[in-house]
Amino acid sequence: MKKLFVLLLSALLLLGMGGCGRTMDDVIANEPSFLGIVTKVTDRSILVSVDESSDAYRSCREIWVSLDVEMADSMTHFSIGDQVVVYYDGMILETSPGQVNTVYAILLRTPADRESENKG
């Protein structure tokens with residue numbers, strides 16, 4: 001009986017672990033997001049000027065977004081002027097500017113005009 005219990009428990013744990021892996025498609029379909037333009041870049045975060053069409057704009061016009069993202073295939077290197085979509089847990093800290101610490105993914109929507117950055 002004890003062996004059966006251990007076997008069932010092991011099977012449940014294995015099944016539970018297999019169901020935890022999320023794909024980028026799952027994140028895009030199910031998590032809150034906002035659109036914005038990168039205005040500052042640091043080693044650990046980006047400052048995003050939130051697009052007026054995004055629901056997050058009602059809370060904050062600018063949001064610091066952590067680059068510690070959960071999805072391995074998320075982009076983490078940005079330039080000022082990049083237009084991005086940030087997928088997060090829905091929590092925006094009420095600081096000035098706002099902050100998002102639980103970030104699932106950041107997708108580049110439109111790259112900054114690199115041509116004008118290279119002109120002297």
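As a basis for the values below, the full set of heavy atoms in this structure was taken, side chains included, without hydrogen atoms, waters or symmetry mates.
No continuous path of ILVMFWY side-chain contacts below 4.5 Å connects Val85 to Leu108, so the two sit in separate hydrophobic clusters. Following chains of ILVMFWY side-chain contacts shorter than 4.5 Å, one cannot reach Leu47 starting from Ile80, and the two form parts of different hydrophobic clusters. In this structure, Val86 is a member of the same hydrophobic cluster as Ile92, with clusters built from ILVMFWY side-chain heavy atoms closer than 4.5 Å. Under the 4.5 Å side-chain contact rule for hydrophobic residues, Tyr87 and Val48 do not share a cluster. No single ILVMFWY cluster, assembled from side-chain heavy atoms under 4.5 Å apart, contains both Leu67 and Leu35.
In this structure, His77 and Met75 approach most closely via the heavy-atom pair O-CE, 2.9 Å. Minimum heavy-atom separation, Ser74 to Val69: CB-CG2, 3.6 Å. Taking all atoms of both residues into account, the shortest heavy-atom contact from Ile106 to Val103 is CG1-CG1, 3.7 Å. The heavy-atom pair separating Ala105 from Val27 by the smallest distance is CB-CG1, 4.4 Å.
Taking CE of Met71 as the reference point, atom CG of Asp26 lies at 7.5 Å (rounded to 0.5 Å). Atom CG of Asp55 sits about 8.5 Å away from atom OG of Ser33, to the nearest 0.5 Å. Going from atom SG of Cys60 over to atom CD of Gln99 covers 9.5 Å, rounded to the nearest 0.5 Å. Of the inter-residue distances, the one linking Thr39 atom OG1 with Ile63 atom CD1 reads 11.0 Å to the nearest 0.5 angstrom.
Look at Glu62 and Lys40 and you find no salt bridge, because none of the NZ, NE, NH1 or NH2 atoms lies under 4.0 Å from a carboxylate O.
Two residues are said to be in side-chain contact when any heavy atoms from C-beta on lie closer than 4.5 Å; Val65 and Phe34 meet this criterion. The closest side-chain heavy-atom distance from Leu107 to Met24 is below 4.5 Å. With contacts defined as side-chain heavy-atom distances shorter than 4.5 Å, the pair Glu70/Thr102 qualifies. The shortest distance between side-chain heavy atoms of Arg22 and Tyr104 falls below 4.5 Å.
Side-chain polar atoms of Asp51 and Ser53 form a donor-acceptor pair below 3.5 angstrom.
Remark: the backbone N or O of Met91 is paired with a side-chain donor or acceptor of Asp89 at under 3.5 angstrom. Side-chain N or O atoms of Ser49 include none that pairs as donor or acceptor with a backbone N or O of Ile37 at under 3.5 Å. In this structure, Thr42 contributes its side chain and Ser45 its backbone to a donor-acceptor pair below 3.5 Å. Between the Ser66 side chain and the Asp68 main chain, a donor and an acceptor come within less than 3.5 Å of each other.
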